[in-house]
There are 2 protein chains.
Amino acid sequence: MAKKKIDASTEEKIIEAARKVFTEKGYAATRTRDIAEEAGLNLALLNYYFRSKEKLFSLVMAEKIGQLFGVIAPIVNDDKTSLQEKIELIVPAYLNVLLQNPGLPLFVLSEIRNNPEHFSNRVQAGKILTQSVLVKQLLEKQPNVNPLQFILNLLGMCIFPFVTKPVFEASGLLNKASFNQLIEERKTLIVKWVNLMLDN
Amino acid sequence: MAKKKIDASTEEKIIEAARKVFTEKGYAATRTRDIAEEAGLNLALLNYYFRSKEKLFSLVMAEKIGQLFGVIAPIVNDDKTSLQEKIELIVPAYLNVLLQNPGLPLFVLSEIRNNPEHFSNRVQAGKILTQSVLVKQLLEKQPNVNPLQFILNLLGMCIFPFVTKPVFEASGLLNKASFNQLIEERKTLIVKWVNLMLDN
DNA sequence: TTCATTTTTAATCAAATGATTAAAAAATTT
DNA sequence: AAATTTTTTAATCATTTGATTAAAAATGAA
């Protein structure tokens, strides 16, 4: 029986390069050669370790979807925290995740658009948006408004600046520092705004 | 001297097909053969009329950017309307544009991400975000908050549902009718919410 | 060291893809 | 109608790209 242990360092180099290139350019615009070059490795190694571009992409995408939904899922389903507390937890936590990974939302959203069938099962967004504790609490507070409206606002106010970041950068309007400053300000502002919406 | 007139019908068929395929799949994932097939025409005609995939894409993209910024630009720079009036004009007008062209925001934003250099000049977002009458009026009302914060909220609350639409569709959570219903409700809700933010 | 196994590389393949060409078909002019 | 120009088509090119292969290099076991 042959040795099966694989050099973790090389494997990790490839997937790290794949994370970077896929999230920057999207699946279709990414060449496997781009990834190999970014990793500083021979192209054939990519297929040796991950079989195909598609498989490597699936790994990265699963990771990224996990990041995008992973932070909020436990908060949203905690029945020990109030609606108010949830908002105060979600906003800064989510903004921090996005600050660490600014390209994440646009990457995930555009890939889902490009290949909706492939993600219909994997995205557990449905449960969060219909059966979560948060939804129940929103309905208690505002029975006459579809709770999805508030969730769209809460997530949208967090995510939207990151989705439009390339526009700001292309127009030279915001550098990285002033963008981050803007997001820091939003950590308290969004909480205030969402509470205003819920109290009126 | 030969006749230079070109059959507008064929040309229009191609660009209409290009609009559809490019906005659905993005530049990189679009094959010129997809466009030709969608138009029901020979592939070579695409190059006969538009020289290259790149040129055809530039035309479509210019159109789409125009649609995305064209509706709000005149409203935003009108110094005869109040801040309140501007919000009441922008929200339903913008939501109607997006209802007619739901894929528009995700298409434009992801293409700008994929090729930022190419759009640095063309996007006049900079002026709207710094020199518009709207910005001055926002600063009068709330001198202590970066007006960009409110613009992000106003545009984000309009655009974000359309950016996440593929997720809703993939998860089977919303059909087209209930999505449109959600947007219709937002026409009045967003106006109310933005006013709340500005008054507190 | 020797030998087997694993990892890496250079070369190459086959399919896809943007684009061109030359000829046919259609339209327009004279 | 004849001639000229414009439009359309089928065939083909050259390049790119995901993937494979066979051999070399590195690693670990005996």
Side-chain angles (χ1 to χ4, degrees), chain A residues 1-64 107 110-111 114-115 117-118, chain B residues 1-62 107 110-111 114-115 117-118:
Chain A
M1 193 68 92
K3 186 107 184 298
K4 282 290 162 53
K5 183 64 176 62
I6 270 171
D7 181 359
S9 156
T10 300
E11 200 177 349
E12 186 53 36
K13 272 186 207 162
I14 294 174
I15 202 162
E16 181 55 34
R19 283 188 195 104
K20 183 176 180 197
V21 181
F22 275 137
T23 50
E24 269 176 10
K25 322 217 296 181
Y27 178 81
T30 294
R31 319 285 159 224
T32 52
R33 282 161 175 82
D34 301 340
I35 298 176
E37 192 187 4
E38 174 70 31
L41 296 168
N42 187 293
L43 166 63
L45 281 177
L46 193 147
N47 296 291
Y48 177 74
Y49 281 95
F50 296 95
R51 301 275 305 169
S52 72
K53 178 189 182 185
E54 174 75 28
K55 291 239 173 57
L56 180 54
F57 176 77
S58 288
L59 282 180
V60 172
M61 178 53 92
E63 256 187 34
K64 294 298 172 185
F107 168 69
S110 56
E111 293 303 335
N114 288 350
N115 211 339
E117 321 79 42
H118 194 274
Chain B
M1 192 70 93
K3 187 106 186 300
K4 282 290 163 50
K5 184 64 177 60
I6 270 171
D7 181 359
S9 156
T10 301
E11 200 178 349
E12 187 53 36
K13 272 186 206 160
I14 294 174
I15 202 162
E16 182 55 34
R19 283 189 195 104
K20 183 177 181 197
V21 181
F22 276 136
T23 50
E24 269 175 12
K25 322 217 297 181
Y27 178 80
T30 294
R31 319 285 158 226
T32 52
R33 283 163 174 80
D34 301 339
I35 298 176
E37 191 186 3
E38 173 72 30
L41 297 168
N42 186 291
L43 166 62
L45 280 177
L46 193 148
N47 295 292
Y48 178 75
Y49 281 94
F50 296 96
R51 301 275 302 167
S52 72
K53 179 189 181 185
E54 173 73 29
K55 290 240 173 56
L56 181 54
F57 176 76
S58 289
L59 282 179
V60 172
M61 177 54 90
F107 168 69
S110 56
E111 294 303 334
N114 288 349
N115 211 338
E117 322 80 40
H118 194 274

d([atom1], [X]; [atom2], [N]) in whole Å:
X	N	atom1	atom2	result
B:F22	C:dG18	CZ	C1'	11 Å
A:L45	D:dA19	CG	P	14 Å
A:L46	C:dT9	CG	P	13 Å
A:E12	C:dT7	CD	C1'	17 Å
B:E54	D:dT15	CD	P	19 Å
B:R33	D:dA11	CZ	C1'	12 Å
A:F50	D:dG18	CZ	P	16 Å
B:L56	C:dT17	CG	C1'	15 Å

Could you tell me whether the phosphate oxygens of [N], OP1 or OP2, come under 4.0 Å of any side-chain nitrogen or oxygen in [X]?
X	N	result
B:N42	D:dA10	yes
A:Y49	C:dT8	yes
A:T10	C:dT8	yes
B:R31	C:dT17	yes

Between [options], which one does the side chain of [X] approach most closely?
X	options	answer
B:K53	D:dA10, C:dG18, D:dG18	C:dG18
A:A44	C:dT8, C:dA10, C:dA19	C:dA10
B:T32	C:dG18, D:dG18, D:dT9	C:dG18
A:S52	C:dT17, D:dA19, C:dT8	D:dA19

NZ/NE/NH1/NH2 to OD/OE distance under 4.0 Å, B:R19 and B:E16 =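 Salt bridge: yes.
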
Run the ring-centre check on B:F22 versus B:F107 and record whether the distance is less than 6.0 Å.
->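 Centroid separation for B:F22 and B:F107: 6.0 Å or greater.
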
Considering residues, nucleotides and ligands other than A:E37, do more than 12 of their heavy atoms fall under 6.0 Å from its CD?
->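 Not buried by this count: 12 neighbours or fewer within 6.0 Å.
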
Along DNA chain C (nearest heavy atom to each residue), the more 5'-positioned of A:L41 and B:R51 =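 Nearest nucleotide further toward 5': that of A:L41.
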
Compute both the distance and the angle, then confirm whether A:K53 meets the cation-pi test with A:Y27: under 6.0 Å from the six-membered ring centre, within 45 degrees of the axis.
->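 Because its charged atom sits under 6.0 Å from the ring centre and within 45° of the axis, A:K53 does stack over A:Y27.
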
Rounded to the nearest 0.5 Å, how far apart are CZ of B:R33 and OG1 of B:T30?
->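 So the gap between those two atoms works out to 13.5 Å.
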
Starting at the 5' end of DNA chain D, which residue's closest nucleotide do you reach first, A:T30 or B:G40?
->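 Going by which nucleotide is closer to the 5' end, it is B:G40.
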
Which part of the nucleic acid does A:L43 contact within heavy-atom distance under 4.0 Å: base, sugar-phosphate only, or nothing?
->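 Result for A:L43 = base.
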
